[in-house]
Amino acid sequence: MMIRPSLLLASALALVLAGCGTAEPPAQTMQAPVLESFHGTLEPFASETVYFVVTDRFVNGDPGNDHRDQGTFDIPLAPCDGVAGNIGYLGGDFKGIADNLDYIRDMGFSAVWITPVVDNPDEPFTGGEPPGCGTILSDRGKTGYHGYWGVNFFETDEHLPSPGMQFSDLAGAMHGRGMKLVLDIVGNHGSPAWTMTRDQPKFGKLYGRDGTLLADHQNLHPTELDPVGNPLHAFYNATGPVDAKDGSIFDGNLAQLADFDAANPAVLDYMVDAYLHWIDQGADAFRIDTIAWMPHAFWKQFTDRIREKRPGFFMFGEAFDYDAANIATYTLPQNGGVSVLDFPMKQAMDEVFGRAGAGFERLASALFLEGGPYANPYELATFYDNHDMARMDASDEGFIDAHNWLFTARGIPVVYYGSETGFMRGRAEHAGNRNYFGQARVDAASDSPIHAQLTRIANLRRQSPALQRGLQVNLVLEGDVAAFYRVYQHEGVAQTALVLLNKGDAATRIGIDALVQSGAWRDAFDGATVEIGERIDLEVPAHGVRVLLRDTPVDAPALRERLAVLAGATHGAAVR
């Protein structure tokens, strides 16, 4: 039970009044702690945990929407170290997700991020470079199974819905379970647009809500477009790819994709109208693809207009960059005020929990708990791998350790489908990263020790306001051990979590003398009372986590001082 500070104040006042007739009030009433407000963030979405699904690769719930007659189904690549990737559709759909929402929720996830749902071309792409082991942005022969090659941003791709399971039905199924739907959106580009060996329907084209052709790249190199003289070219940039030695690659085209002109107001109008349509259909948050490829001014206008219709709507962007100073710019209010995927933390987690085996101290520099560049680091989307990079190469114990950190440290956890069993660990995009998971693997997932420990820690976070939004106070980050507090005190709710992590192969005792909050704590997993005196001295099992909870305000003076400093650093950054 959490004790509300308002009740503590009322009790203290009653004691003072009761002692008015005495010469000296009781000493303890004079020492009642000041109940400061401590929190990392008040953003509602920070309470969520996100399971990321490449929809086509999760579960084929309805074979009737596979459209195998298109010639886009099941196109395997040559094996890479014995494992073949696939660049065709493999059947995953809305029904496959809906059928397994209880599986996702029972693991402890409260939100599902799905790849774009907009209509994509109906043929494999004939241009570009052929994909191979280790290649990226090589699209010859690929299909739009991933959803990022939109041609009509108002229309659902035909491979995804089923009778009775449209996008709005999937959203409704999530909402009925208290879950949120995170929709992946693209503002930078449409489908592949040039280098095709022949004219290909839909490629390089863009259609309006009513099916009207709005733009057509006409299989021309961007520098051959005539945006002024040809209305069908006006939606697109005529820059072409920019080599890094000649300037910013973000000013040019990505691969052979149709590059939307951010300076054209019609592009902004189209994107706002399209994505408001999906919000009206039930989307609860957006993940913004390739956010770095569009200027800040575009995203500021876009987010303002989305939030004008849906105040507080949460968005997080993908700027594939390990430099925090670069990706943090998108979080600032003047640039749209969105969260971002925490690439610097991903890099650190991969080194700590993957085969490199770095110590917990490597994570400290990626936290940016004070003096960092982000508007608020507690609102970042934290992850260790995804569909655009090699999956984390780790042992089962490495995944367990990674999840114990991910669900207790600052940020909003995001886990890529299949990671609950170590699926395709270490595999890059064309080497198995995006391979089909399937119902059989879902049904067998509970046999994995990774799944069991993920479920344990994720469900704990779901119940703890401190782990969701609390300030993080580091005690130890060194070698195989980590210890820190998460402290949340706000509007009548007070909870402190003491987190102890051990990624070593043997049990260890963690002893701490500084910033100790003494008193009775509750073990978050078994409910047992744990007394802490002047020193923290607790054993943590191998590859284990211990979380102790204290549902009363912090009264240790040194800890309160440290919290005040961190609170000032966090909330000062938020208004930059």
Side-chain angles (χ1 to χ4, degrees), residues 41-53 110-118 147-148 150 153 167 171 174 179-189 260 262 267-321 324 326-343 345 373-383 386-388 411-414 468-469 573-574 576:
T41 178
L42 297 178
E43 164 59 51
F45 198 84
S47 66
E48 310 298 338
T49 52
V50 182
Y51 188 73
F52 169 36
V53 168
S110 59
V112 183
W113 156 17
I114 64 173
T115 39
V117 300
V118 301
Y148 294 100
F153 286 61
F167 179 86
M174 291 188 190
M179 303 174 74
K180 290 183 168 57
L181 193 164
V182 180
L183 178 63
D184 208 323
I185 69 168
V186 184
N188 170 69
H189 61 263
F260 295 133
V267 171
L268 177 65
D269 290 342
Y270 182 91
M271 293 298 167
V272 170
D273 290 347
Y275 291 125
L276 285 175
H277 164 76
W278 297 108
I279 292 175
D280 289 341
Q281 298 297 308
D284 298 295
F286 288 156
R287 179 267 190 180
I288 304 173
D289 181 71
T290 51
I291 194 172
W293 293 80
M294 299 288 265
H296 290 312
F298 178 88
W299 295 119
K300 172 61 173 168
Q301 295 177 79
F302 177 87
T303 56
D304 282 352
R305 288 176 60 177
I306 292 293
R307 288 168 177 155
E308 180 184 358
K309 298 286 187 176
R310 294 295 175 99
F313 193 82
F314 188 77
M315 297 172 249
F316 60 99
E318 175 238 2
F320 200 135
D321 193 325
N326 292 338
I327 68 175
T329 58
Y330 300 94
T331 71
L332 303 180
Q334 64 267 29
N335 296 332
V338 300
S339 176
V340 288
L341 285 157
D342 190 352
F343 277 86
M345 180 61 73
Y374 301 105
N376 192 324
Y378 291 86
E379 295 169 11
L380 300 178
T382 48
F383 71 112
N386 64 24
H387 59 322
D388 287 329
I412 303 169
V414 179
Q468 293 167 7
R469 298 192 185 94
R576 276 206 304 267

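Heavy-atom basis, side chains included; hydrogens, waters and symmetry copies ignored.
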Practice problem: Check ring pair (Phe, Tyr, Trp, His ring centres under 6.0 Å) between His296 and all other residues, then give those that pass, not counting sequence neighbours. | Solution: Tyr330
Self-check item: side-chain contact (heavy atoms from CB on, under 4.5 Å) between Tyr148 and His387, worked out
Solution: CA-CA 12 Å; Tyr148 294 100; His387 59 322; 2.9 Å; yes
Exercise. Compare all side-chain heavy atoms of Thr115 with those of Val53 and state whether any distance is below 4.5 angstrom.
Key: no
Exercise. Say whether, by atom type as modelled, one donor and one acceptor occur between the side chain of Tyr275 and the main chain of Val186 under 3.5 angstrom.
Key: yes
Exercise. Taking only Lys NZ, Arg NE, NH1 and NH2, and the carboxylate oxygens of Asp or Glu, determine whether Asp284 and Arg310 approach each other closer than 4.0 Å.
Key: no
Quiz item: Is there a side-chain contact between Thr290 and His189, using heavy atoms and a 4.5 Å cut-off?
Solution: yes
Quiz item: Of all heavy-atom pairs between Lys300 and Pro333, which one has the smallest distance, and what is that distance?
Solution: NZ-O, 3.5 Å
Practice problem: Kindly indicate, with the supporting measurements, whether the criterion side-chain contact (heavy atoms from CB on, under 4.5 Å) is fulfilled by Met271 and Phe260. | Solution: CA-CA 10 Å; Met271 293 298 167; Phe260 295 133; 3.3 Å; yes
Practice problem: Using the side-chain contact (heavy atoms from CB on, under 4.5 Å) rule, take Asp269 and Arg305 through it: C-alpha gap first, then chi angles, then the decisive distance, then the call. | Solution: CA-CA 10 Å; Asp269 290 342; Arg305 288 176 60 177; 2.8 Å; yes
Quiz prompt | Sequence-distant partners of Trp113, ring pair (Phe, Tyr, Trp, His ring centres under 6.0 Å), two or more places apart | solution = Phe52, Phe316
Quiz item: Got a second to check how far Ile114's CD1 is from Arg287's CZ, nearest 0.5 Å?
Solution: 12.5 Å
Quiz item: Can you tell me if Glu318 uses its side chain to pair, donor with acceptor, with the backbone of Ile288 under 3.5 Å?
Solution: no
Practice problem: Ignoring hydrogens and angles, tell me if any N or O in the side chain of Thr41 forms a donor-acceptor pair with the backbone of Arg469 under 3.5 Å. | Solution: no
Quiz item: Short question: side chain of Tyr378, backbone of Glu43 - any donor-acceptor pair under 3.5 Å?
Solution: no
Exercise. Supply the atom-to-atom distance Thr382 OG1 to Met345 CE, rounded to the nearest 0.5 angstrom.
Key: 7.5 Å
Practice problem: Quick one: list whatever passes salt bridge (charged side-chain N to carboxylate O under 4.0 Å, His left out) with Glu379, sequence neighbours left out. | Solution: none
Quiz item: How far does CG of Asp289 sit from CD1 of Ile185, to the nearest 0.5 angstrom?
Solution: 9.0 Å
Self-check item: OH on Tyr374 to CD1 on Ile327, rounded to 0.5 Å
Solution: 3.5 Å
Exercise. Measure the CG-CZ distance between Asn335 and Phe298 for me, rounded to the nearest 0.5 Å.
Key: 14.0 Å
Exercise. Taking the side chain as every heavy atom from C-beta outward, state whether Thr331 and Asn376 have any atom pair closer than 4.5 Å.
Key: no
Exercise. To the nearest 0.5 Å, tell me how far Phe320 CZ sits from Leu341 CG.
Key: 10.5 Å
Quiz item: Under a 4.5 Å cut-off applied to non-hydrogen side-chain atoms, are Trp278 and Val118 in contact?
Solution: yes
Quiz prompt | Verdict with supporting geometry, Trp299 and Val338, side-chain contact (heavy atoms from CB on, under 4.5 Å) | solution = CA-CA 9 Å; Trp299 295 119; Val338 300; over 6 Å; no
Quiz prompt | Any Val182 side-chain heavy atom under 4.5 Å of Glu48 side chain | solution = no
Practice problem: Kindly assign one of parallel, tilted or perpendicular to the pair Phe302 and Phe286, based on the angle between their ring planes and the thresholds 30° and 60°. | Solution: tilted
Quiz item: At their closest point, which heavy atom of Pro373 faces which heavy atom of Ala324, and how far apart are they?
Solution: CG-O, 3.8 Å
